[in-house]
Amino acid sequence: MSIDDDQQQQKGDPLAQCILDLCAAKGSIRPEDAAQAYFEEHRRPKDTDEGWRRYMVPTKQQIVALARQGKVEIVRKGVVQDPEDFKGLVRIRLPQG
């Protein structure tokens with residue numbers, strides 16, 4: 001393992017970090033908010049305004065992984081959802097209490 005690989009592991013996934021940063025700043029977010037924010041950070045001149053949609057699947061995967069680790073909660077109608085079995089409109093927040 002090179003020094004760069006070790007540093008990347010310490011930093012973690014940039015999409016996961018974006019999700020955590022947004023939750024810390026805003027309290028709770030929609031998955032779309034995270035995908036749009038990540039897209040804006042990595043946007044290229046040729047990208048269309050709808051380019052954020054390509055980040056929705058990876059965003060949802062990261063949200064589930066973060067929820068499994070206990071770093072975020074997936075909430076629907078005020079109730080924390082099981083990261084293995086949820087659907088519908090959800091919000092993401094940092095763990096409460």
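Linking ILVMFWY residues whenever their side-chain heavy atoms come closer than 4.5 Å, directly or via other members, places V72 and V64 in the same cluster. L94 and V90 fall within the same hydrophobic cluster, where Ile, Leu, Val, Met, Phe, Trp and Tyr residues are linked whenever their side-chain heavy atoms come under 4.5 Å apart, directly or through other members.
Going from atom CD1 of I92 over to atom SG of C23 covers 6.5 Å, rounded to the nearest 0.5 Å. We find the CD1-OG1 distance between I29 and T59 to be 8.5 Å, quoted to the nearest 0.5 Å. Considering SG of C18 and CZ of F39, their distance stands at 13.0 Å, rounded to 0.5 Å. Once rounded to the nearest 0.5 Å, the distance linking CG of L15 with NE2 of H42 reads 9.0 Å. If you take CZ on R76 and CG on D82, they are separated by 14.0 Å, rounding to the nearest 0.5 Å.
Nearest heavy-atom pair across P83 and A67 is CB-CB, 3.7 Å. Residues Q62 and A16 share a closest heavy-atom pair of OE1-CB, 3.3 Å.
At a threshold of 4.5 Å between non-hydrogen side-chain atoms, the residues K71 and P95 do not count as touching. Looking at heavy atoms from C-beta onward, K87 lies out of side-chain contact with Q81 at the 4.5 angstrom threshold. Side chains of R54 and D47 form a contact here, defined as non-hydrogen atoms less than 4.5 Å apart.
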*Test R91 against E73 for salt bridge (Lys or Arg N to Asp or Glu O under 4.0 Å), laying out the working first.*
CA-CA 8 Å; R91 294 191 69 83; E73 293 176 336; over 6 Å; no
*In sequence, state the C-alpha distance, the side-chain angles, and the governing distance for I74 and V80, and then conclude on side chain to side chain contact (heavy atoms under 4.5 Å, CB included).*
CA-CA 6 Å; I74 301 169; V80 176; over 6 Å; no
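Side-chain polar atoms of S28 and R93 form no donor-acceptor pair below 3.5 angstrom. Neither side chain, Q17 nor D13, offers a donor N or O lying under 3.5 Å from an acceptor on the other.
The side-chain hydrogen bond (donor to acceptor under 3.5 Å, both in side chains) pairs that include a residue from residues 29-41 are R30-D33, E40-R43, where partners are two or more places apart or lie in different chains.
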